[in-house]
Trainee: 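I am attaching a structure below and will ask some questions about it afterwards.
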Amino acid sequence: MERVFNVYGDCKPGLHYMVDLTERLVKIREMVGQGLYFTINRARQYGKTTTLRALARFLADEYVVISMDFQMMSHANFEQESSFVAAFCTELLDGNVSVPEEIREDLTVLAKADERQASLFAMFKILGRWCGMSKKRVVLLIDEVDSATNNQVFLDFLAQLRGYYLNRDLKPAFWSVILAGVYDVRNIKRKIRPDGEHKMNSPWNIAADFPVEMSFSTADICGMLKEYEKDHGAGMDVGEMAELLFAYTSGYPVLVSKLCKLMDERVGLKGEFAGSPGPWTRQGFLEAVKMLLMEKNPLFDSMIGKLNDYPELKDMIYLLLFQGKRIAYNPDDGATDMAMMFGFVKVLDGCVVVANRIFETRLYNLFLTLPEVQRMDIFKAACRDQNQFVRNGQLDMKLVLEKFVEFFDDVYGDQGERFYEEDGRRYFMLYLRPIINGSGNYYVEAQTRNMDRTDLIVDYHCQQFVVELKIWRGEAKHREGERQLLKYLSHYHLKKGYMLTFNFNKKKEIGVREVAFGDRTLVEAVV
């Protein structure tokens, strides 16, 4: 059977192209060998299930692995202890692990028992006997553990699991416990008990850190693409394609696989990308990025839903995107904690930044296409004039700057410094959005995002533009900005760059000019 790139459920060797998990599995096996109790908390579609199922196979020779998926139990009424126990026992009996006959009989009785007998205490007694009679150490592995977190029974289950685990030197119990899900322990507690009152013998405080990196590295992606190239002879530059995939996704597993799937299955159907290596070129990759950003999918839907559910999270993302706020990483801050948990952000040089370019562009598109935004005059002006900026399929960025300066000065020219710092860059991106909509994308370089400067990278068809958006801080800072932009042009192999400066001095000279620096040119706009 021909392998494909998979974005639906766990990846299976032999059916799907996937990264080599061996190094990760060896590290996790070392944690299991130490008898640790730990949680794997990662965002949606981050490869948790694929890793856990591979781990169960990886450990099978040395351990008895009880592998469960709480999502399979989600139909049960977990508000009642008896229902939880019955569902747990049923799922355990239906699993892949070989259950000793006498244990199977006891679990079957418990699964069908009435409320007085179907207790957590009785269930753990049976599980303890299983651990005691097993010649191999027993490992409990539970996926989607947060599927059952909406009630007290779940806390009671974890409390007893904790107790049996801690006493495993006194009486038989699981040697190692691995729980996987999106919500981390603090947020699960908050979800169950919003009042913040928790038992002192918290079932969470024994969980060891999980330092294993789950995102894909460039080398991981390269290995997966080599397998594809071996099968298909696509003619791609594997190293370049792996670097592009990592640059746009930061190794977020489902985003890597989705872009590969689009190039493999859809981009090549477009006439200009037919043949080899058509889809597997930089242009084919950017076409796949455009397709991904235009589609609805569970990951993006979940992201938007979380922003609507948690206003403080939405406010933080807005500050990151449009005001260049440097938000120092603080694990005790609720909004930061949630953003990290859901995979929206990462930590770079001690500060919080949006996790990857794909998320960033999708979030920009969300904030820039809200109904109240589309009613603004500057958005309407860009929609009205958008056809004049593209000639023969080429975007005229200089004209975009000229028209923006003209409109912005007429409408907002008398606004003060605070307006420019907080809203100026948002207004340029708002103006640009309908002009490139459907044909191009943009993202911001995380390293340059601050209150004074933001570098906007615009991809339009086969063109690429670097636009530096900055606040006027004097002539010396301006010259420094020019030097920085010229370095950026060298990095991107471009001859022309663009600089938009928001200047609140009353004597400023508004307009657009071109300045030559050797063989490179800067188009500088001041508003």
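Bear in mind the structure is a predicted one, so any value in this text is a computation, not a measurement.
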Trainee: Can a donor-acceptor pair be found, under 3.5 Å and without considering hydrogens, that links the side chain of Ser134 to the backbone of Arg137?
Mentor: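 No, Ser134 side chain to Arg137 backbone: no donor-acceptor pair under 3.5 Å.
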Trainee: Just checking, Arg168 and Tyr165: is the charged tip under 6.0 Å from the six-membered ring centre and within 45° of the axis?
Mentor: yes
Trainee: Identify, with sequence neighbours excluded, every residue that meets side chain to side chain contact (heavy atoms under 4.5 Å, CB included) alongside Phe246.
Mentor: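 Counting only residues at least two positions away or on another chain, Phe246 forms a side chain to side chain contact (heavy atoms under 4.5 Å, CB included) with Thr218, Ile221.
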Trainee: Verify, without hydrogens or angle tests, whether Asn297 (side chain) and Leu299 (backbone) share a donor-acceptor contact under 3.5 angstrom.
Mentor: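 Side chain of Asn297 to backbone of Leu299, a donor-acceptor pair under 3.5 Å: yes, one is there.
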Trainee: Verify the ring-centre separation between Tyr252 and Phe216: is it less than 6.0 angstrom?
Mentor: no
Trainee: Can you confirm if the NZ or CZ of Lys136 lies within 45° of the ring axis of Tyr63 and under 6.0 Å from the centre of its six-membered ring?
Mentor: no
Trainee: Tell me whether the count of non-hydrogen atoms from other residues, nucleotides or ligands lying under 6.0 Å of NZ in Lys226 goes above 12.
Mentor: no
Trainee: Under the ring-ring contact (aromatic ring centres under 6.0 Å, His included) test, which residues partner Phe5, sequence neighbours left out?
Mentor: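 ring-ring contact (aromatic ring centres under 6.0 Å, His included) list for Phe5, sorted by chain: Tyr17, Tyr228.
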Trainee: Below 6.0 angstrom between ring centroids: does that apply to Phe157 and Phe88?
Mentor: yes
Trainee: Name all residues meeting the side-chain hydrogen bond (donor to acceptor under 3.5 Å, both in side chains) criterion together with Ser67; count only those two or more places apart in sequence or in a different chain, and write none if there are none.
Mentor: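 Not a single residue meets the side-chain hydrogen bond (donor to acceptor under 3.5 Å, both in side chains) criterion with Ser67.
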Trainee: Would the distance check show the side chain of Glu360 and the main-chain N or O of Val444 forming a donor-acceptor pair, the cut-off being under 3.5 Å?
Mentor: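 Side chain of Glu360 to backbone of Val444, a donor-acceptor pair under 3.5 Å: yes, one is there.
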Trainee: What's the separation between atom CG in Leu292 and atom CG in Leu255, rounded to the nearest 0.5 Å?
Mentor: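 One finds 6.5 Å between CG of Leu292 and CG of Leu255.
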Trainee: Considering residues at least two apart in sequence or located in another chain, which fulfil the ring-ring contact (aromatic ring centres under 6.0 Å, His included) criterion with Tyr443?
Mentor: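 Tyr443 satisfies ring-ring contact (aromatic ring centres under 6.0 Å, His included) with Tyr248 once adjacent residues are dropped.
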Trainee: Taking it one step at a time, do Phe174 and Tyr37 satisfy ring-ring contact (aromatic ring centres under 6.0 Å, His included)?
Mentor: CA-CA 10 Å; Phe174 301 118; Tyr37 178 123; over 10 Å; no
Trainee: Using side-chain hydrogen bond (donor to acceptor under 3.5 Å, both in side chains) as the criterion, list what pairs up with Glu213, not counting sequence neighbours.
Mentor: Ser215
Trainee: If you measure from CD on Glu2 to CG on Leu15, what distance do you get to the nearest 0.5 Å?
Mentor: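 Glu2 atom CD to Leu15 atom CG measures 12.0 Å (nearest 0.5 Å).
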Trainee: Report the C-alpha separation of Asn167 and Leu170 in whole Å, then their side-chain angles, then the decisive distance to 0.1 Å, and conclude whether the side chain to side chain contact (heavy atoms under 4.5 Å, CB included) test is met.
Mentor: CA-CA 5 Å; Asn167 291 325; Leu170 303 176; 4.1 Å; yes
Trainee: Please identify which of these residues, Val153, Val177, Leu179, meets the side-chain contact (heavy atoms from CB on, under 4.5 Å) condition with Leu158.
Mentor: Leu179
Trainee: Do Thr336 side-chain atoms and Pro331 backbone N/O form a donor-acceptor pair below 3.5 Å?
Mentor: no
Trainee: Run the side chain to side chain contact (heavy atoms under 4.5 Å, CB included) test against Glu312 and tell me which residues pass, sequence neighbours left out.
Mentor: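 Result, side chain to side chain contact (heavy atoms under 4.5 Å, CB included) vs Glu312: Tyr310, Ala335, Met338.
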Trainee: Assess whether side chain to side chain contact (heavy atoms under 4.5 Å, CB included) is satisfied between Leu293 and Lys290, documenting all intermediate values.
Mentor: CA-CA 5 Å; Leu293 289 169; Lys290 184 173 69 176; over 6 Å; no
Trainee: Let me confirm one number: the CG-CG distance from Leu307 to Asp315, rounded to the nearest 0.5 Å.
Mentor: 10.0 Å
Trainee: By the side chain to side chain donor-acceptor pair (under 3.5 Å) test, which pairs, at least two apart or in different chains, include something from residues 98-110?
Mentor: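 As it turns out, the side chain to side chain donor-acceptor pair (under 3.5 Å) pairs with a partner in residues 98-110, which skip direct neighbours, are Asp106-Arg129.
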Trainee: Looking at residues at least two apart in the chain, or sitting in another chain, which of them share a side-chain hydrogen bond (donor to acceptor under 3.5 Å, both in side chains) with Gln34?
Mentor: none
Trainee: List the residues meeting side-chain hydrogen bond (donor to acceptor under 3.5 Å, both in side chains) with Asn96, not counting sequence neighbours, and say none if there are none.
Mentor: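 Applying side-chain hydrogen bond (donor to acceptor under 3.5 Å, both in side chains) to Asn96 gives none.
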Trainee: Applying side chain to side chain contact (heavy atoms under 4.5 Å, CB included), name anything that partners Thr49, two or more places apart in sequence or on another chain.
Mentor: Asp10, Arg53, Asp143, Glu144
Trainee: Report, one line per pair, each donor and acceptor closer than 3.5 Å where one atom sits in a side chain of residues 367-375; sequence neighbours left out.
Mentor:
unit_1 : atom_1 : unit_2 : atom_2 : d
Thr369 : OG1    : Asn365 : O      : 2.4
Gln374 : NE2    : Thr369 : O      : 2.7

Trainee: List the steps, then state whether salt bridge (charged side-chain N to carboxylate O under 4.0 Å, His left out) holds for Arg266 with Glu287.
Mentor: CA-CA 10 Å; Arg266 290 182 55 190; Glu287 182 68 20; over 6 Å; no
Trainee: Starting at CD of Glu81, measure out to CG of Leu120 and round the result to the nearest 0.5 Å.
Mentor: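 If I round to the nearest 0.5 Å, the distance is 4.0 Å.
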Trainee: Under the rule for side chain to side chain contact (heavy atoms under 4.5 Å, CB included), what residues qualify as partners of Tyr8, not counting sequence neighbours?
Mentor: Asn6, Lys258, Lys261
